[in-house]
Amino acid sequence: MAFLPVEEQIEIIKRGTVEIVPVEELVEKLKKSKKENKPLKIKLGVDPTRPDLHLGHSVILRKLRQFQDLGHEAILIIGGFTAMIGDPTGRNSTRPPLTSEEVEENAKTYIEQAKKILDLEKLTLVNNADWLGSMSFMDVIGLTSKMTVARMIERDDFSKRFENKEAISLHEFLYPLAQGQDSVHLQSDVELGGTDQKFNLLVGRQLQKDSDLDQQVCLMMPLLVGTDGSAKMSKSYDNYIGIDENPNDMYGKSLSIPDDLIYTYYELVTDVPIDELPAVKDKAEKDPRNAKHDLAFTIVKMYHGEEAAKDARKHFEQTVINKSVPDDAPEFELTAGESARLMDVIKELNFSPSNGETKRLIKQGGVSLDDEKVEDFALELAMKAGEEVVLKVGKRKFAILKGV
RNA sequence: GGGGAGAUACCAAAGCGGCCAACUGGGGCAGACUGUAAAUCUGUUGUCUUACGACUUCGUAGGUUCGAAUCCUGCUCUCCCCA
């Protein structure tokens, strides 16, 4: 395929990026690639430790996809070997290493989800255990000689852990080197990573130079702030929107982001064309309510299709705005004439993890039957045949109880 | 190799023989409010039990005691200082 003019490529590549080091080299590489009609090798390494992808991961995967669409070669590295070390980046404690079986299993799940974003047909998929695993101890020592202790411990995450008197295992120092070695092996032209990966990406550049290779350009994407509006999106902070999540949750969670993140989300996680972004920004400021609903709709549509997005919008309007029963509330059958404890019904519906929790909910007015708050937690239900009662637990758990 | 400090619920962090299911903050959940699953305010936050209460929990295994998160011993792990 013919490559787009370099300026146009750059414009697409720059969308949402925080930093490209050095950008001039990227321009040169793109020029050369176009001239020789040879795609660039774009590297992205992923750690198969947490296989649940969310919008935060999508930021960088989408960037990789954009390179694919521009005709370049996307190389996704499953960090099979590095996962057995554990990336210390941004961590305040040592990661537990994985076994190779776990890695394989996680990698499968990862790809299963990543295919929603990447073009698998055109993707080069590799596992760094294939080359890192066969290095000799001597090779490893050779690698370590290229890095100084001072450089390692001046890194934020290490120095913080050091100051906080937390453990840093020696093997964690090898992580950036291993990642850099990937770049040497693949002879990558560009490596993608979050801003927190800057150090690791730069090590790749250095190691390539030491091996007399062309140096990769490092492209850093911002870390997407999660739905809480403060910390980066992460499963452990529970402020994430998973790309595999059901449409209703996806829609609702998207709406829960603070208003000032609306534009950022449009820019980083949606396909809204670049030339429409200014208008979107304007709308986000002037009409945040609708801008956010549009955003939520767009996100659900991307991962579940238009129909699902419409349904999700409807569900949200029904449950949250009108506080009424959603169409998709599950039904729960009760034998007519027999009494059943409400607490048990709630437990069977999985609406509450324990009876203690259920009591608390009831005490606080969080449970209602046909819009009437339940006050007695020992309530016994006795349904007549054909009777229907709407049970609401908490903010958004609904069920239709049916007498059978 | 030597010396010292520490391990508490989802996280952080008090408690240091009974009043401790364990202060406090964060998080979570609920109620009110709201364009919102945002913000704010209030309440709540081990399991079982209608309730009285019972049971499990303070790194781990034992021990002392009427009684232990709190005292003693072994073990595991972590941190600091010196070499």
Side-chain angles (χ1 to χ4, degrees), chain A residues 55 90-97 153 158-170 172 225-242 245-265 283-297 299-300 312-324 326 339-344 346-347 350-368 371-381 391-398:
Chain A
L55 291 185
R91 297 282 295 189
N92 50 21
S93 58
T94 311
R95 282 185 196 232
I153 59 177
F158 281 143
S159 57
K160 269 184 200 144
R161 277 165 66 182
F162 199 69
E163 275 166 35
N164 292 340
K165 304 183 175 178
E166 282 156 359
I168 301 173
S169 294
L170 197 54
E172 294 179 73
V225 175
T227 53
D228 59 358
S230 52
K232 74 164 182 177
M233 186 174 283
S234 148
K235 209 177 171 199
S236 42
Y237 297 142
D238 198 25
N239 62 355
Y240 68 100
I241 302 172
E245 273 191 273
N246 70 65
N248 291 344
D249 284 346
M250 211 176 213
Y251 194 93
K253 283 186 178 187
S254 301
L255 272 190
S256 77
I257 63 169
D259 290 355
D260 56 12
L261 277 178
I262 296 173
Y263 175 73
T264 309
Y265 271 55
K283 181 163 183 180
E285 281 162 15
K286 291 184 178 142
D287 183 9
R289 197 206 101 90
N290 287 320
K292 208 191 279 185
H293 272 276
D294 289 349
L295 172 67
F297 188 89
I299 290 172
V300 176
R313 168 171 284 179
K314 193 172 163 200
H315 175 92
F316 188 85
E317 283 168 355
Q318 282 176 330
T319 58
V320 181
I321 298 177
N322 299 326
K323 299 192 195 310
S324 60
S339 75
R341 286 204 317 168
L342 175 62
M343 213 150 67
D344 294 333
I346 290 174
K347 197 174 192 174
N350 266 330
F351 281 179
S352 162
S354 70
N355 287 352
E357 175 81 6
T358 304
K359 275 189 201 170
R360 211 197 88 235
L361 281 164
I362 292 175
K363 209 183 291 174
Q364 300 193 124
V367 176
S368 64
D371 271 342
E372 275 201 38
K373 283 187 182 171
V374 175
E375 282 170 15
D376 175 17
F377 58 78
L379 186 73
E380 300 263 343
L381 294 170
L391 169 69
K392 185 184 180 197
V393 178
K395 282 182 193 156
R396 53 204 143 94
K397 288 177 194 141
F398 291 88

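Residue numbers start from 1 in every chain, and the chains themselves are labelled A, B, ... in the order their sequence lines are given, proteins ahead of strands.
At C48(B), one or more side-chain N or O atoms of K347(A) fall inside 4.0 Å of OP1 or OP2 (strictly under the cut-off). In this model, the phosphate group of C48(B) is approached by a side-chain N or O of S354(A) to a distance below 4.0 Å at OP1 or OP2. The side chain of N355(A) places an N or O atom within less than 4.0 Å of a non-bridging phosphate oxygen (OP1 or OP2) of U49(B). Residue S256(A) has no polar side-chain atom (N or O) positioned under 4.0 Å from OP1 or OP2 of U36(B). Close to A51(B), at under 4.0 Å from its OP1 or OP2, lies a side-chain N or O of K359(A). Between R289(A) and U34(B), a side-chain N or O to OP1/OP2 separation shorter than 4.0 Å is absent. Residue K292(A) places no side-chain N or O under 4.0 Å from the OP1 or OP2 atom of U34(B).
A salt bridge links R313(A) to D294(A): at least one charged side-chain nitrogen sits closer than 4.0 Å to a carboxylate oxygen. Ion pairing between a basic and an acidic side chain is recognised when a charged N comes within 4.0 Å of a carboxylate O; E357(A) and R360(A) show such pairing. Under a 4.0 Å N-O distance rule, the pair D371(A)/K392(A) does not qualify as a salt bridge.
Annotation for E380(A) and S339(A): closest pair OE1-OG, 3.2 Å, computed over non-hydrogen atoms. Between F377(A) and M343(A), the shortest heavy-atom distance links the atoms O-SD, 3.8 Å.
Using atom C1' as the reference point in both A9(B) and G4(B), the two lie 29 Å apart (nearest Å). Comparing the C1' positions of A22(B) and A12(B) gives a spacing of 16 Å, expressed to the nearest Å. Comparing the P positions of C66(B) and U60(B) gives an interatomic distance of 25 Å, to the nearest angstrom. A distance of about 32 Å separates the C1' atoms of A61(B) and U45(B), rounded to the whole Å. The C1' atoms of C41(B) and U49(B) are separated by 33 Å, rounded to the nearest whole Å. With C1' as the reference atom, A13(B) and G6(B) are 14 Å apart, rounded to whole Å. Annotation: U47(B) and U70(B) have their C1' atoms spaced 24 Å apart (nearest Å). Comparing the same atom, C1', in G59(B) and in C55(B) gives a spacing of 22 Å after rounding to whole Å.
Using a 4.0 Å heavy-atom distance criterion, G252(A) is classed as a base contact. Residue-level contact check: N248(A) touches the bases, meaning some heavy atom is under 4.0 Å from a base atom. Residue D259(A) is in base contact, counting any heavy-atom pair closer than 4.0 Å across all strands shown. Using a 4.0 Å heavy-atom cutoff across all strands shown, D249(A) reaches at least one base atom of the nucleic acid.
Pairing of A32(B), defined by two Watson-Crick or G-U wobble distances under 3.5 Å, is identified with U40(B). Pairing for G6(B) is with C77(B), a Watson-Crick or G-U wobble pair whose two hydrogen-bonding atom distances lie under 3.5 Å. In this structure, A13(B) forms no base pair with any nucleotide, since neither Watson-Crick nor G-U wobble geometry is met with both distances under 3.5 Å. The partner of G1(B), taking Watson-Crick or G-U wobble pairs whose two distances both stay under 3.5 Å, is C82(B). When both distances must be under 3.5 Å, the Watson-Crick or G-U wobble mate of C71(B) is G63(B).
For the pair Q318(A) CD and G35(B) P, the interatomic distance rounds to 20 Å; values are reported in whole Å. Remark: P of U50(B) and NZ of K363(A) are 14 Å apart, rounded to the nearest angstrom. Between L361(A) atom CG and G43(B) atom C1' there is a gap of 12 Å when expressed in whole angstrom units. Per the geometry, CD1 belonging to I257(A) stands 18 Å off P belonging to G35(B), to the nearest Å. Atom CD1 of I346(A) and atom P of C48(B) are 13 Å apart (whole Å). A straight line from CE of M343(A) to P of C48(B) spans 8 Å, rounded to a whole angstrom. Look at CZ on F377(A): it is 9 Å from C1' on U49(B), rounded to the nearest Å. Computed from coordinates, the Y251(A) OH to U36(B) C1' distance equals 10 Å when rounded to whole Å.
With hydrogens and angles ignored, a donor-acceptor pair closer than 3.5 Å exists between the side chain of Q364(A) and the base of G43(B). The base of A37(B) sits with one of its N or O atoms less than 3.5 Å from a complementary donor or acceptor on the side chain of R396(A).
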Legend entry - side-chain contact (heavy atoms from CB on, under 4.5 Å) evaluation trace for F316(A) with L255(A): CA-CA 10 Å; F316(A) 188 85; L255(A) 272 190; 3.2 Å; yes

Legend entry - Derivation of the side-chain contact (heavy atoms from CB on, under 4.5 Å) call for D376(A) and I362(A): CA-CA 7 Å; D376(A) 175 17; I362(A) 292 175; over 6 Å; no

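Cation-pi geometry between K253(A) and Y240(A) is met: under 6.0 angstrom from the ring centre, within 45 degrees of the axis.
Nearer the 5' end of RNA chain B, as judged by each residue's closest nucleotide, is the contact made by V393(A), out of V393(A) and G356(A). If K373(A) and H293(A) are placed on RNA chain B by their nearest nucleotide, the residue sitting closer to the 5' end is K373(A).
Side-chain atoms of R360(A) lie closest to G43(B) of the nucleotides U50(B), G43(B), U36(B).
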